[in-house]
Visitor: 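Below is one structure. I have some questions about it.
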Amino acid sequence: SDHAAFGDGTKFVAAQEAVDAWGQGLLALQRLRNLSARAVTQDDENALLLLEGSQPAETVNSLEVVLRLNLAQALIKLRQYENAVCQCQGALELDPL
């Protein structure tokens, strides 16, 4: 497969594999947010137990920004420019700096 360098260039990953992996990361963060919301709004004890030891919302948001920017980079390599722009817009919504 066509491998491209990401990050510091020491690890090579196929662009599509990177998109899949980072997409899974975004899904996991969304599941964490949903679980957190359920714990708060429904006073769900099971959700509270599952959230024990999880990261604070600021950390989750920072991680999502990194995931979205990495995903955008891989999408550009795949020439999926519109999707890359959407990922960048999502990152900017979380961190407008």
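Remember, it's a predicted structure, so these values are computed and weren't measured experimentally.
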Visitor: Give, for atom CD of Gln16 and atom CD of Gln80, the distance between the pair rounded to the nearest 0.5 Å.
Guide: 6.5 Å
Visitor: Do the side chains of Leu75 and Val19 get nearer than 4.5 Å, heavy atoms only?
Guide: yes
Visitor: Show your working on side-chain contact (heavy atoms from CB on, under 4.5 Å) between Glu64 and Leu26 and close with a plain yes or no.
Guide: CA-CA 7 Å; Glu64 183 173 345; Leu26 288 174; 3.6 Å; yes
Visitor: Is there a side-chain hydrogen bond (donor to acceptor under 3.5 Å, both in side chains) between Asp20 and Gln24 once you walk through the steps?
Guide: CA-CA 6 Å; Asp20 294 344; Gln24 289 299 314; over 6 Å; no
Visitor: So if you build clusters from Ile, Leu, Val, Met, Phe, Trp, Tyr with side-chain heavy-atom gaps below 4.5 Å, do Leu63 and Leu69 land together?
Guide: no
Visitor: Looking only at non-hydrogen atoms, find the nearest pair between Gly23 and Leu71 and report the distance.
Guide: N-CD1, 4.5 Å
Visitor: Where do Tyr81 and Ile76 come nearest, in terms of heavy atoms and distance?
Guide: CE2-O, 3.9 Å
Visitor: Indicate the atoms forming the closest heavy-atom contact of Ala72 with Gln87, along with that distance.
Guide: CB-CB, 4.1 Å
